[in-house]
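Chain letters run A, B, ... following the sequence lines, proteins first and then strands; every chain starts at 1. Any value given below was found using the heavy atoms of this structure, including those in side chains, with hydrogens, waters and symmetry copies removed.
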Number of protein chains: 2
Amino acid sequence: MPRDTLTREQIVRAAIDLLDDEGLEGLNMRALGKRLGSAATAVYWHVGSKDNLITLAGDEVWHQIALPDLATTDWRTAATRMATDLYAMLTRHSWLVQAFGSYMIFGPGKARHDDHGYAIYEAAGFTGAQVDQAAATVFTFVLGNALVPAAAASFTKKLGRDGGNAEALMQESMAKAHEIAAQFPRLRARLDTAVTDYATAPDNTFQFGLQAILDGLEAQLSRSTPSDLASPSAAGGNASADTRNGDV
Amino acid sequence: MPRDTLTREQIVRAAIDLLDDEGLEGLNMRALGKRLGSAATAVYWHVGSKDNLITLAGDEVWHQIALPDLATTDWRTAATRMATDLYAMLTRHSWLVQAFGSYMIFGPGKARHDDHGYAIYEAAGFTGAQVDQAAATVFTFVLGNALVPAAAASFTKKLGRDGGNAEALMQESMAKAHEIAAQFPRLRARLDTAVTDYATAPDNTFQFGLQAILDGLEAQLSRSTPSDLASPSAAGGNASADTRNGDV
DNA sequence: AGACTACTTGCACAGTGTTCAAGTATGAAC
DNA sequence: GTTCATACTTGAACACTGTGCAAGTAGTCT
């Protein structure tokens, strides 16, 4: 029987938990060590560095997003489902969007996701560089959408970490933003409605934008290929082996 | 004659320079102090904290983006211009996208930008919550587009900071990504073309996506308001006073 | 001249990622 | 069953970070 020892998977899982709980700047090696019940430095033998650990954790969560079967799903609902799934995943793990700006996050998980993304837009009828462009358009839109909530989550977590009166600091910060916005007519007009209107339903904004983008892509599609529907490979199978959806 | 002393503007300007040169994680108070010719702690009297300094710097750069005159420009070219300008600004100051995920960046600069953004989509004919949704769609798309180049810039800067052989580490990292991508059919197919095709013209991808989004918004527009063209205020003046475009 | 305001400075502290020599447990070799 | 190598784990230490604080300095007002 081998000694009860740390594993890379175990560490990555604990790191994801810690990141979910405390945010990107809440992750530090001593806290991670404590959560694992071992010394902070024990982690280094398994993952090399904190940067590498974040890369590993940041790739792992991509496995959570499901890959719609393109044989039984038309490209538009497939695209909608995948984008919505991605958005939900990024909201669940809001540290990932931050990490995305500072680390080069690419591994099997994201590769699996990207590959299927390309498959969708190939199935839609795009060819050549337009496949990449269509996929990138939707992808970056989702990423950008997740960025603002991520900043908000990071901000509140930082306030919580700093000391007791998080509420008061939040109020103060809101008041300052309010004061600035009041100097601009269109922002001022939104100060009353925004809280009830937008903030309660950010997902509406996401869906509105997503459908507008897909409309635009569809238009592009019927413009560039008015008649031919034969060439592109539409019935291909899924790229990767597993399609697990459970949280790691 | 008053003593030759630090000013908040001077500090913010130096911080922006330092951020442009060294990236977000390259900014630290002692380096900033050195650049200003004063002790690191002198900065604290003027800006309070590093977080606040980043918020100030992160807001300042929004003044660089020009606000197209809506009296003489149709909404679509106005939207294109503003989005393209924003994209260029975010590419110039790639730390801003990262900061956007970790700090609540909002001040007069961004407010001025946002307000004019709303003006554009009001001029287009959107009403109510759809104004916000249209503006948010384009805005988040641009943000997301700037995120990937920002990560790349941050990564190369980190390699440069770490030690001498940045080239070798970069090669190694590329090779690893290559190896992973090779296991997925559509990614593998792109390994040869991607470098020459996409990487040399990321702006093409941006413009493709932007125009697709504007197509989608236009479609949305003609669908919800088939005939009336009277109500929305189209000839309004610009919101803020200055329209300076120079780098700070 | 003296006091007051507006800054500036160096020291120190707690927290960070990471290195490294020294330790400990496990399975294999003889 | 002792020896030994392999696979980890540990705690001390280092360099670096943001920041608080007491002490200092330079101008301005009375």
Interatomic distance, [X] atom [atom1] to [Y] atom [atom2] [nearest 0.5 angstrom]:
X: B/Leu18; Y: B/Ile11; atom1: CG; atom2: CD1; result: 12.5 Å
X: A/Phe206; Y: B/Thr137; atom1: CZ; atom2: OG1; result: 10.0 Å
X: B/Leu86; Y: B/Met89; atom1: CG; atom2: CE; result: 5.5 Å
X: A/Ser102; Y: A/Leu24; atom1: OG; atom2: CG; result: 7.0 Å
X: A/Asp85; Y: A/Gln64; atom1: CG; atom2: CD; result: 9.5 Å

Exercise for review: State, to the nearest 10°, the angle formed by the axis through the first five base pairs of the helix from C/dA1-D/dT30 to C/dC30-D/dG1 and the axis through its last five.
Suggested key: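 Inter-axis angle at the ends, rounded: 20°.
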Could you state the [atom1]-[atom2] distance from [X] to [N], rounded to the nearest angstrom?
X: A/Tyr44; N: D/dG11; atom1: OH; atom2: P; value: 16 Å
X: B/Leu32; N: D/dT17; atom1: CG; atom2: C1'; value: 14 Å
X: A/Glu25; N: D/dG18; atom1: CD; atom2: P; value: 13 Å
X: A/Met29; N: C/dG17; atom1: CE; atom2: P; value: 7 Å
X: A/Glu22; N: C/dT16; atom1: CD; atom2: P; value: 12 Å
X: B/Arg8; N: C/dA6; atom1: CZ; atom2: C1'; value: 15 Å
X: A/Asp4; N: D/dA7; atom1: CG; atom2: P; value: 18 Å
X: A/Leu27; N: C/dT18; atom1: CG; atom2: P; value: 11 Å

**Study point:** For A/Ile105, all residues meeting side chain to side chain contact (heavy atoms under 4.5 Å, CB included), sequence neighbours excluded
**Key:** A/Trp62, A/Leu96, A/Ala99, A/Phe100, A/Tyr103
Revision key, fill the gap. Heavy-atom nearest pair, A/Asp115 first then B/Pro185, reads OD1-N, 3.5 Å
Review point. What closest approach, in Å, do B/Ala57 and B/Ile16 show between heavy atoms, and which atom pair accounts for it?
Key: CB-CG1, 3.8 Å
Point to revise | Check ion pair B/Asp59-B/Lys110 (N to O, under 4.0 angstrom) | key: no
Check your understanding: Of the options B/Val142, B/Ile120, B/Val138, which is the one that meets B/Met82 in a side chain to side chain contact (heavy atoms under 4.5 Å, CB included)?
Key -> B/Ile120
With 3.5 Å as the limit, what N/O pairs link the protein to nucleotides 9-13 of chain C?
residue : atom : partner : partner atom : Å
C/dT9   : OP2  : B/Ala39 : N            : 2.8
C/dG10  : O6   : B/Thr41 : OG1          : 3.2

Every protein N/O lying under 3.5 Å from an N/O of nucleotides 24-26 of chain D:
none

Practice item. Mind running a 4.0 Å heavy-atom check of residues 45-56 of chain B against DNA chain D and sending the residues that fall below it, in number order? Key: B/Ser49, B/Lys50
Contacts table for residues 28-43 of chain B: side-chain donor-acceptor under 3.5 angstrom, sequence neighbours left out:
residue : atom : partner : partner atom : Å
B/Asn28 : OD1  : B/Arg30 : N            : 3.2
B/Asn28 : OD1  : B/Ala31 : N            : 2.9
B/Arg35 : NH1  : B/Asp21 : OD2          : 3.4
B/Arg35 : NH2  : B/Asp21 : OD2          : 3.0

Check your understanding: Mind checking whether B/Phe139 and B/His113 have parallel, tilted or perpendicular rings, split at 30° and 60°?
Key ->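 B/Phe139 and B/His113: tilted rings.
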Practice item. Examine distances only and state if a side-chain atom of A/Thr55 and a backbone atom of A/Asp51 form a donor-acceptor pair shorter than 3.5 Å. Key: yes
